[in-house]
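Encoded as structure tokens, the structure appears first; notes follow it.
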Amino acid sequence: MRRPGAVSISMTFDLFSSPEPTPSPAPSPLLDGLNAEQAAAVTLPDAHALILAGAGSGKTRVLTTRIAWLLHMGRVSPGGILAVTFTNKAAREMQARLGAMLPLNIRGMWMGTFHGLCNRMLRAHHQAAQLPATFQILDMQDQQSAIKRLIKQFGVDEERFPPKQVMWFINGCKEEGMRPGDVSVRDEESRKKVELYQLYQDQCQREGVVDFAELLLRSYELLRDHAPIRDHYQRRFRHILVDEFQDTNRLQYLWLKQLAGTGSSVFAVGDDDQSIYAFRGARVGNMADFVREFDVQHQIKLEENYRSHGHILDSANALIAHNTQRLGKNLRTAQGAGEPVRVFEAPSDLAEAAWLVDEMKHLSRDDGVPLHEIAVLYRSNAQSRVIETALAQSGLAYRVYGGLRFFERAEIKHALAYLRLLETPSDDTSFLRVVNFPARGIGARSIEALQTQARALGLPLYTAAKGMTGRAGTLLQSFVALIEVMREQAQGLSLREVVDLMLEQSGLVEHYRGERDGGDRIENLQELASAAEAFVRLEGFHTDQAALPTTSEGVTLTQGLASQGLSGDALDQAMLESRDAPGGQPAPDYVDLDTGETLSPLAAFLTHAALEAGDNQAQAGQDAVQLMTVHASKGLEFDVVFITGLEEGLFPHENSAADTAGLEEERRLMYVAITRARQRLYLSHTQTRLLHGQSRYNFRSRFLDEVPSECVQWLTPKSGGFGSGVGASLAHGGQYGRMPAWSKDSGFGRSASNAYPGQPAWSAPNLTNAPLERPPVQTSAGQALRAGMQVFHNKFGEGKVLAVEGSGTDGKAQVSFTRHGTKWLSLAVAKLTVVET
DNA sequence: CGCTCAAATCTTTTT
DNA sequence: GATTTGAGCG
């Protein structure tokens with residue numbers, strides 16, 4: 001693929017080739033405490049650069065300081081920066097650190113995950129991207145059920161084409177940047193899969209939904225196929241910074257390439273030894289490609305580790321040295337050897353858990369280690385259960401990351417489906433989820449008939465339902481009426497009120513009231529309403545604020561592009577408007593650059609729910625032991641780390657150990673795990689483990705033997721490698737073969753991921769950051785705005801304000817225009833004038 | 001048609 | 001163990 005924006009903009013170029021105004025040798029205090037390599041990375045000139053940052057080498061610090069430094073030196077304004085991470089957690093952390101470093105308003109920056117940024121871009125240009133303004137995002141559950149539906153519909157053999165596999169195939173294609181037409185077909189099987197891919201694609205388009213991978217692919221194609229949009233962003237983003245570059249997949253790489261214009265500098269930070277996402281398409285090779293294709297002149301290695309003591313680091317180095325596919329890098333530390341790595345062998349998983357708890361108690365009580373500085377890592381989520389049970393028994397506070405997240409819980413997904421139908425009636429996935437939940441007498445037969453009818457008419461289920469006849473028809477129509485009434489009543493209500501309304505009208509709350517175990521679920525539903533309220537309140541200074549361009553090279557977009565739904569003039573106009581906005585407020589998220597039309601708070605909330613599965617940062621302040629998978633631990637660090645379940649078949653996982661590539665990824669995973677520890681590291685394995693409902697007898701993990709013995713202290717006698725007493729473990733088998741009775745009534749189960757019984761696992765973001773007094777909602781001209789007022793819009797004419805949300809000029813207003821219907825407008829962008837109060 | 005109970009199946013890691 | 005499918009009853 002050719003470099004996209006190959007149009008040379010000489011003006012931009014001149015800006016950068018001219019010598020720096022005054023590289024005043026007076027070093028900024030920003031650089032204090034950085035070592036030579038870190039400082040060099042931070043102060044690199046405006047050019048592409050690759051930073052090979054080993055674990056614990058201050059990667060995030062370099063990244064944030066680089067941004068701060070660029071801003072501080074006046075090299076770029078916040079609006080010219082795009083910083084991309086993989087997880088919401090990482091994005092938040094970067095945001096927080098940067099905020100602490102700079103008094104500057106950093107809201108003009110685009111900072112977020114690949115998916116979050118792509119979503120934002122698609123919302124802003126949904127017409128050009130050929131998506132409805134309210135497109136919904138499918139998570140993996142939704143995607144799988146959509147595919148299942150498709151497979152059933154076309155009578156495909158579910159045995160030969162399991163929905164899950166088809167899903168992996170489709171996502172795999174998308175991650176390579178391939179549409180159905182681009183996939184080479186070799187055999188009958190792949191032909192069928194490609195056909196399903198195409199059918200799936202059509203279905204999504206019809207229903208107005210996109211999956212995760214589609215967010216990226218669509219955004220990439222938007223940039224590739226629309227020169228004015230591409231040019232706009234290329235000129236805007238002078239500095240593109242990428243975290244965890246080793247985890248980018250083909251498509252993400254291509255996306256970055258589209259964004260990087262002639263005047264942009266890409267600053268990529270990565271560590272090939274920490275590449276642990278090859279299973280979902282990550283290509284370490286992107287690092288080499290980047291160097292070659294971007295002609296990277298600046299490469300810096302950060303090898304000084306500031307995190308771990310010597311024995312821990314030596315273990316990590318020795319372990320990773322067993323991998324052959326490496327760029328080569330060795331970490332060193334200035335700290336002492338520290339304590340040895342302790343290894344423990346337990347007879348069973350229960351015994352392992354008991355030992356863990358015991359050891360953690362000692363650490364907490366005798367050594368004064370705060371609980372939140374202790375992490376228990378495991379390879380797969382299933383392993384957390386035993387540990388949780390033991391912890392709950394002991395009374396130690398703990399918190400589990402991952403597992404079932406808030407927005408993935410069944411009751412929440414149901415509630416969200418109702419809300420989604422209010423926004424996007426064509427969303428068949430949501431329709432099917434709740435059409436008969438709670439039960440309304442609409443059974444499989446009725447639904448099948450409806451689907452046939454809808455297909456014949458080429459209509460969404462929702463619309464087709466209106467035309468159904470008979471008993472089933474009556475029931476279906478009353479369901480549609482239910483939604484319509486809800487939508488009607490929702491007019492002018494705040495988001496919180498809409499959610500409350502839905503919870504009542506849908507009958508969800510009532511349904512769960514009748515269930516014996518429904519208490520937790522009702523609590524969660526109520527939590528959803530609170531979360532919605534908090535979302536609106538926080539939106540004003542939400543981290544992912546889309547800012548409009550603040551840079552202006554004075555280059556005008558000239559080509560006639562009205563045909564693409566967005567004219568160059570409109571873009572420029574929006575740029576000007578945003579710059580002229582009072583107080584230099586950036587435009588809020590998801591705003592149409594032309595009219596200021598924006599998503600409704602509901603639509604924005606639904607997006608938020610899809611993109612941040614409730615990745616709970618709640619209780620982050622609480623002092624609790626941290627439980628998570630090794631994958632989830634990347635980027636974190638703790639004083640004390642336990643790596644559990646070090647057994648062949650588990651870690652390395654049996655599904656990966658077959659080929660070298662898989663095994664090496666497992667080893668990198670172990671490397672990541674080890675390097676999370678600052679002071680103390682414990683490794684443990686068991687002779688027998690209850691897995692899939694039956695006992696398994698595993699050999700000790702080979703990784704234990706790849707750690708140098710001089711770093712290790714065995715807490716239990718080291719047995720002679722293989723088998724370490726399989727006979728003995730058999731004896732234990734019966735003893736531990738059954739779950740103890742107390743595991744039943746220990747209050748776990750549904751809310752197992754809850755460290756503090758009685759509180760939902762997820763709760764609204766910390767509200768203490770919110771100002772106590774919220775400024776009244778006002779127009780960009782400073783006029784206060786309330787429901788009932790008559791207003792005038794440049795494009796839409798006269799209208800009446802129905803509702804307002806948010807605060808100050810960050811707010812949104814719902815306006816019913818006489819000629820253009822009801823719209824949500826962003827007050828920072830939309831030119832509204834109050835006609836009559 | 002809906003609900004309940006029993007059997008069968010499948011279990012890695014995640015935005 | 002958890003989730004999904006199937007059979008049988010009201």
Side-chain angles (χ1 to χ4, degrees), chain A residues 84-91 112-119 137-141 143-145 148 158-159 162-165 168 171 174-175 210-216 243-244 247-249 251-252 275-282 349 377-386 389 401-405 407-408 410 436-448 471-472 475 514-515 610-613 615 628-634 645 649-657 662 665-666 668-670 672-673 689-694 696 738-739 743-744 748-750 752:
Chain A
V84 56
T85 61
F86 275 84
T87 63
N88 295 305
K89 198 162 56 182
T113 62
F114 276 101
H115 294 85
L117 298 174
C118 286
N119 169 63
I137 299 169
L138 301 183
D139 64 13
M140 284 204 313
Q141 283 178 46
Q143 190 185 10
Q144 206 180 327
S145 71
K148 208 175 216 169
E158 252 188 273
E159 303 285 294
K164 208 171 233 160
Q165 253 187 51
W168 280 92
N171 288 343
K174 290 188 178 184
E175 276 156 8
V210 298
D211 57 51
F212 283 137
E214 184 73 15
L215 283 172
L216 280 155
D243 192 15
E244 309 279 16
D247 286 332
T248 51
N249 61 34
L251 181 55
Q252 285 157 339
S275 159
I276 55 176
Y277 286 106
F279 74 93
R280 66 166 202 222
D349 49 350
L377 309 184
Y378 34 81
R379 175 66 235 270
S380 60
N381 279 309
Q383 289 167 251
S384 75
R385 184 163 221 91
V386 205
T389 315
Y401 286 77
L404 191 58
R405 299 214 252 298
F407 287 115
E408 290 168 356
N436 197 36
F437 192 95
R440 307 190 166 81
I442 303 171
R445 298 290 281 267
S446 311
I447 288 169
E448 222 166 278
R471 195 178 99 85
L475 291 170
E515 261 193 4
L611 251 27
E612 297 204 33
D615 180 271
M628 67 191 84
T629 63
V630 180
H631 282 91
S633 77
K634 189 153 81 148
L650 201 62
F651 199 2
H653 197 276
E654 51 199 346
N655 295 3
S656 305
E665 176 144 317
E666 292 288 313
R668 289 192 295 270
L669 207 42
M670 181 68 185
V672 167
R689 175 178 297 278
L690 210 55
L691 209 62
H692 312 163
Q694 56 183 350
R696 297 189 26 166
R738 199 171 302 148
M739 285 295 271
S743 73
K744 268 216 188 84
F748 281 94
R750 190 135 282 130

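Note on naming: letters A, B, ... go to the chains in the order of the sequence lines (proteins, then strands), and numbering restarts at 1 for each one.
The nearest heavy atom of DNA chain B to A:Leu669 and to A:Ser446 marks one nucleotide each, and the one closer to the 5' end goes with A:Ser446. If A:Glu666 and A:Arg445 are placed on DNA chain B by their nearest nucleotide, the residue sitting closer to the 5' end is A:Arg445.
The closest side-chain heavy-atom distance from A:Phe651 to A:Gln383 is not below 4.5 Å. In this structure, the side chains of A:Gln252 and A:Leu216 come closer than 4.5 Å at one or more pairs of heavy atoms. Annotation: side chain of A:Tyr378 is in contact with side chain of A:Thr629 (closest heavy-atom distance under 4.5 Å). Taking the side chain as every heavy atom from C-beta outward, A:Thr85 and A:Glu244 never approach each other to under 4.5 Å.
Across B:dT14, B:dC3, B:dT13, the shortest atom-to-atom separation from the side chain of A:Ser380 is found for B:dT13. In the set B:dT15, C:dG1, B:dT12, the nucleotide with an atom closest to the side chain of A:Arg385 is C:dG1. Of the candidates B:dT14, B:dT15, C:dT4, the closest approach to any side-chain atom of A:Phe212 belongs to B:dT15. The side chain of A:Lys164 has B:dT11 as its nearest neighbour among B:dT12, B:dT11, B:dC3. Closest to the side chain of A:Met140, out of B:dT12, B:dC3, B:dT14, is B:dT14.
One atom, CD of A:Gln144, and another, C1' of B:dC10, lie 12 Å apart when rounded to the nearest Å. The distance from atom CD of A:Glu665 to atom C1' of B:dT14 is 12 Å, rounded to the nearest whole Å. As rounded to whole Å, 12 Å separates atom C1' of B:dT13 from atom CG of A:Asp247. Distance, A:Ile447 CD1 to B:dG2 C1': 12 Å, rounded to whole Å. Rounded to whole angstrom, the span from the CZ atom of A:Phe407 across to the P atom of B:dT14 amounts to 19 Å. The separation between A:Ile442 atom CD1 and B:dG2 atom P is 8 Å, rounded to whole Å. Summarising the geometry, the separation between OH on A:Tyr401 and C1' on B:dT12 is reported as 21 Å, rounded to the nearest angstrom. When rounded to the nearest whole Å, the span between CG of A:Asn381 and P of C:dG1 equals 17 Å.
Between A:Arg668 and A:Glu665 there is a salt bridge, with a side-chain nitrogen of the basic residue lying less than 4.0 Å from a carboxylate oxygen of the acidic one.
For C:dT5, the OP1/OP2 oxygens have a side-chain nitrogen or oxygen of A:Lys148 closer than 4.0 Å. Within the structure, every side-chain polar atom (N or O) of A:Asn88 is placed at least 4.0 Å from both OP1 and OP2 of B:dT15. Of the side-chain N and O atoms in A:Asn436, one or more sit less than 4.0 angstrom from OP1 or OP2 of B:dG2. In this model, the phosphate group of B:dT14 is not approached by any side-chain N or O of A:Asn171 to a distance below 4.0 Å at OP1 or OP2. Within the 4.0 Å cut-off from OP1 or OP2 of B:dT14, at least one side-chain nitrogen or oxygen of A:Thr629 is found. Contact annotation: A:Arg668 does not reach the phosphate of B:dT13 (side-chain N/O to OP1 or OP2, under 4.0 Å).
If you check every strand for non-hydrogen atoms under 4.0 Å, A:Phe86 touches sugar and phosphate atoms only.
Here the separation of B:dT13 from C:dT4, taken at their C1' atoms, is 23 Å to the nearest Å.
For A:His631 and B:dT13, the ring-to-base geometry does not satisfy the stacking test (centroid distance below 5.5 Å, interplanar angle below 30°). The stacking criteria are not both satisfied for A:Tyr277 over the base of B:dT13, which would need a centre-to-centre distance under 5.5 angstrom and an angle between ring planes under 30 degrees.
For A:His631 and A:Phe279, the ring centers are positioned less than 6.0 Å apart.
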